[in-house]
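This report refers to the structure that appears directly beneath it.
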Amino acid sequence: MPFTLTTPLYYVNDRPHLGSTYTTLACDAIARFQRLQGQQVEFITGCDEHGQKIQRTAAAAGLTPQVHCDAVSARFRDLWHSWQISNNHFIRTTEPRHRAIVEQFFARVEANGDVREGRQQGWYCVACEEYKDDPAAATDPSCPVHQRPLEWRDEMNLFFRLSRYQEPIERLVASPDFVSPASRQREVQNFVAGGLKDFSISRLDVPWGIPVPGHEGHTFYVWFDALLGYLSALLQNDDPPDLELAISRGWPADLHVIGKDILRFHAVFWPAMLLSAGLELPKRVFGHGFLTREGQKMGKSLGNVLDPELLLERCGPDAVRWYLLRDIPFGDDGDFQQQRFSDLVNNDLCNTIGNLLNRTTSMARKWFDGGVPPAGAALKTSHPLAITAAAASAQFDDAMAALEFRGAAESLLRLAETANGYLNTQAPWKQMKQPGQEAAVGADLYAVLEVSRSLAVLLAPLVPDLSARMLSQLGQPALVSGADRETGDVVTTESGLATTESGSTWHPVRQWGLLRPGDPLPEPVPVMQRLELDSPL
RNA sequence: GGCUCGGUAGCUCAGCUGGUUAGAGCGUGGGAUUCAUAACCCCAAGGUCGGGAGUUCAAGUCUCCCCCGAGCCA
């Protein structure tokens, strides 16, 4: 069974922003972590492209919806590519195969008696694509989120009988692992406890949508259509658009990572839809927080949006990935602070980790004939640094499995600090000046080199590029954690080292003592450039 | 208005079922050192734990009230 993981399917109303980048980066780290452990991963992202809002946005720009969607979704695709996101699926809900999946799914739901006609009356926010029930301000209501006037709607729609699923959904959201973090779970439980009402799944007079079979004039409500994108995404390129086939490719999802604003759709509506169609439920829905910038909401009106493309260009992928994953507790809201960003990147990545590698390879080359020193006593797993490294790596795994990127990063930092401290205590540069100490110095350096290698190996899911650069400084090949893992080719490690565990690029290189004494080390080059941000991003 | 979270050093946060002088990292100040990306290592200053009352031998940690921030629902 593959590990199936999704980002939200991003709405193509606007260009990608930092929030979607954050979600996607986090998912990428998870995907890489799973792959490195030998899991086959189906990593899904894509775009949600239907709905009245898109229709209007396109019209306002003088474009047809299709042209608009093509342009914006290409932008998402390109952005993920330039961030080296390792998704192996990218679904657009305007693809023909998706339409077919939606039709098949709907047929199941309808056959199950869960579709009825009903009158939908109320104030509608096109920006939210949602009805707002706010009888209090009925005179001149506006959307609390978008601060735009609501539109009065009164039409016959198709409804999904969500109310039938009150009990199973209650049970589902009460189970401890389904919705996380815990604070969000309570939120969802309260919502469900309030009683589930049928919700409309079609719209009249919204041509930019998938027509509802057998219901002239109706198109599917964007959310109904969008959620199903997770299923159609699973189809491989040459697959016929068949729901059963899609399912066999990796359903149910192991994890939906979403922003907290769309929790209800994923934790309540979506599971009910799946139950109705007789499909398995996703195992986990994780609602992460939002990013602010220097304490303020990012928005066009404030003119303080942080453009992911610019950020990437000026700072590189590693810096941003590290900062976002390391500093913001995953699940909580976070604040992007430029000073802190550069402080943490420079401290953690350049000073603590990068410099550790740099100083150690430099000494090893200088005193041991340009290569890895004789290991001596440092080859034993009972070496203090070997013990510390093993503990750190166990902590790292636990934290990553729990989606606690921050804790994972910290375990690595502590390891690097220990190694730096070890060097300062042992002071090989002093010891080298005394006769007969080469063996002792060699062992110390070897141990620290091994710590550096461990760090490089463990960093792979969080900052794959940096990991590769570090390994290269150690004369080792990069780990393959990206979507190219999907080819199934067994990746040989390096220099004849054991590659026993099939399918895993990680376990074979996670043992202590794999560096071979005498192997040459390349000339030390800083693996991480310091961030010198003299102007605001 | 109801419900739910949070308010701990300048900043980001740890502090489990209440129990020695409240912790970490960053930032700041000082020291040591030279292998290294002005890096590393060590030390220090800095908090009446949002405010008030209560329970207790003992409260950041429990109860109540209030203030502030965020969110969900009305």
Side-chain angles (χ1 to χ4, degrees), chain A residues 132-137 144-145 173 179 181-197 259-264 267-268 287-292 294-297 323-324 326-368 373 404 406-407 409-414 416-433 441-442 444-445 448-449 452 466 469-470 473 521 523-532:
Chain A
K132 305 278 166 182
D133 23 29
D134 191 357
V145 182
V173 299
V179 179
S183 54
R184 309 249 177 266
Q185 182 186 8
R186 251 167 260 127
E187 201 175 291
V188 174
Q189 280 184 285
N190 288 341
F191 172 74
V192 176
L196 296 178
K197 285 180 269 184
K260 59 185 182 177
D261 54 330
I262 53 175
L263 194 55
R264 199 190 303 166
V268 179
H288 73 249
F290 289 154
L291 294 179
T292 51
E294 312 292 346
Q296 290 191 304
K297 266 189 185 172
Y323 171 62
L324 292 177
R326 174 241 133 131
D327 199 39
I328 298 165
F330 196 50
D332 292 6
D333 288 342
D335 191 35
F336 190 104
Q337 297 175 354
Q338 186 165 324
Q339 184 65 52
R340 188 167 175 79
F341 171 44
S342 65
D343 280 349
L344 287 186
V345 167
N346 291 344
N347 252 288
D348 300 344
L349 261 27
C350 303
N351 299 351
T352 305
I353 292 174
N355 184 52
L356 173 69
L357 175 67
N358 197 252
R359 67 195 296 209
T360 312
T361 52
S362 166
M363 284 186 275
R365 276 168 54 93
K366 196 174 296 183
W367 302 323
F368 293 91
E404 289 165 6
R406 179 182 233 243
E410 269 165 11
S411 72
L412 300 187
L413 285 170
R414 263 177 261 124
E417 276 158 19
T418 305
N420 272 316
Y422 183 83
L423 279 181
N424 281 62
T425 313
Q426 301 299 100
W429 49 91
K430 257 185 209 161
Q431 229 179 339
M432 259 327 262
K433 291 174 184 161
V441 169
D444 284 342
L445 292 182
V448 179
L449 283 173
S452 304
L466 175 59
R469 271 177 272 131
M470 290 179 71
Q473 284 280 286
L521 291 169
E523 184 176 349
V525 180
V527 288
M528 192 69 201
Q529 286 299 318
R530 298 180 67 78
L531 234 37
E532 312 282 358

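These numbers were taken from a predicted model, which means no experiment stands behind them. The sequence lines fix the lettering, A, B, ..., with proteins before strands; numbering per chain opens at 1.
Rounded to whole Å, the P atom of C49(B) lies 16 Å from the corresponding atom of C11(B). The separation of A39(B) from A58(B), taken at their P atoms, amounts to 50 Å, rounded to a whole angstrom. Here, G60(B) and G15(B) have their C1' atoms 8 Å apart, quoted to the whole Å. Taking atom C1' in both C62(B) and C57(B), the straight-line distance is 16 Å, to the nearest Å. U34(B) and U28(B): their P atoms are spaced 24 Å apart (whole Å). One P atom belongs to G19(B), the other to A59(B), and the distance between them is 11 Å to the nearest Å. When the C1' atom is compared between G52(B) and C68(B), the two are found 15 Å apart, to the nearest whole Å. Separation of the P atoms belonging to U61(B) and U55(B) is 15 Å when rounded to the nearest angstrom.
Between Ile328(A) and His288(A), every side-chain heavy-atom pair lies at or beyond the 4.5 Å cut-off. Proximity of Leu445(A) to Trp367(A): side-chain heavy atoms (C-beta onward) are separated by under 4.5 Å at one or more points. Within the 4.5 Å cutoff, no side-chain heavy atoms of Glu187(A) are placed close to those of Val179(A).
Among the heavy atoms of the strands lying under 4.0 Å from Arg186(A) are primed sugar atoms or P, OP1, OP2 only; no base atom is included. If you check every strand for non-hydrogen atoms under 4.0 Å, Val527(A) touches a base. Across all strands, Gly421(A) comes closer than 4.0 Å only to sugar-phosphate atoms, never to a base (heavy-atom distances). Gln337(A) comes within contact range of the sugar-phosphate backbone alone, with a heavy-atom separation under 4.0 Å but no base atom that close. Note on Met528(A): a base of the nucleic acid sits closer than 4.0 angstrom, heavy atoms only.
Contact check, Asn347(A) against G27(B): a side-chain N or O comes under 4.0 Å of OP1 or OP2. A close approach under 4.0 Å does occur between a side-chain nitrogen or oxygen of Arg530(A) and OP1 or OP2 of A39(B). Within the 4.0 Å cut-off from OP1 or OP2 of A36(B), at least one side-chain nitrogen or oxygen of Lys366(A) is found. Residue Asn351(A) places at least one side-chain N or O closer than 4.0 Å to OP1 or OP2 of C40(B).
Looking at the side chain of Asp327(A), the nearest of the listed nucleotides U33(B), C5(B), U12(B) is U12(B). In this structure, of C72(B), C35(B), C41(B), it is C35(B) that holds the atom nearest to the side chain of Met363(A). Proximity note for Pro526(A) (side chain, C-beta onward) versus C11(B), U37(B), U34(B): the nearest is U37(B). Between G71(B), C26(B), A36(B), one nucleotide has an atom nearer to the side chain of Arg359(A) than all others, and that is A36(B). Among the nucleotides U4(B), C41(B), U37(B), the one closest to the side chain of Glu417(A) is C41(B).
Per the geometry, CG belonging to Asp333(A) stands 11 Å off C1' belonging to G6(B), to the nearest Å. Taking atom CG on Leu344(A) and atom C1' on A24(B), their separation rounds to 13 Å, with Å as the unit. For the pair Arg184(A) CZ and G6(B) P, the computed distance is 12 Å after rounding to whole Å. Remark: C1' of A32(B) and CG of Asn424(A) are 10 Å apart, rounded to the nearest angstrom. For the pair Asn358(A) CG and U34(B) C1', the interatomic distance rounds to 14 Å; values are reported in whole Å. Here the C1' atom of nucleotide A24(B) and the CD atom of Glu410(A) are 8 Å apart, to the nearest Å. Note: CG (Leu263(A)) to P (C72(B)) measures 10 Å, nearest angstrom. Atom pair Phe191(A):CZ and C5(B):C1' shows a separation of 19 Å (rounding to whole Å applied).
Under the Watson-Crick and G-U wobble criteria, each requiring two contacts below 3.5 Å, nucleotide U55(B) is left unpaired. Base pairing of U61(B): no nucleotide in any strand meets the Watson-Crick or G-U wobble criterion (both distances under 3.5 Å). Checking A38(B) for Watson-Crick or G-U wobble geometry (two distances, each under 3.5 Å) identifies no partner in any strand. Base pairing of C26(B) is made with G10(B), judged by Watson-Crick or G-U wobble geometry with both donor-acceptor distances under 3.5 Å. The partner of C3(B), taking Watson-Crick or G-U wobble pairs whose two distances both stay under 3.5 Å, is G71(B). Partner assigned to U48(B) is none, using Watson-Crick or G-U wobble distances below 3.5 angstrom.
Interatomic distance, OG1 of Thr360(A) versus CG of Asp444(A), reported as 10.5 Å (0.5 Å rounding). Rounded to the nearest 0.5 Å, atoms CE (Met432(A)) and CZ (Phe368(A)) are 5.0 Å apart. Rounded to the nearest 0.5 Å, atoms CG (Leu357(A)) and CG (Leu449(A)) are 8.0 Å apart.
Between Asp335(A) and Arg340(A), no side-chain nitrogen of the basic residue sits less than 4.0 Å from a carboxylate oxygen of the acidic one, so the salt-bridge criterion is not met.
Across the interface with RNA chain B, nearest-nucleotide mapping of Ala416(A) and Pro329(A) shows Pro329(A) to be the residue nearer the 5′ end. Comparing Ser362(A) and Asn420(A), the nucleotide of RNA chain B nearest to each residue sits closer to the 5' end for Ser362(A).
Anti is the classification of G23(B), since its glycosidic angle lies more than 90° from 0.
In this pair, Phe336(A) and Phe341(A) present their aromatic rings tilted. The plane angle is within the 30 to 60° band.
Residue side chain Asn355(A) reaches the base of A36(B) through a donor-acceptor N/O pair under 3.5 Å, judged by distance alone.
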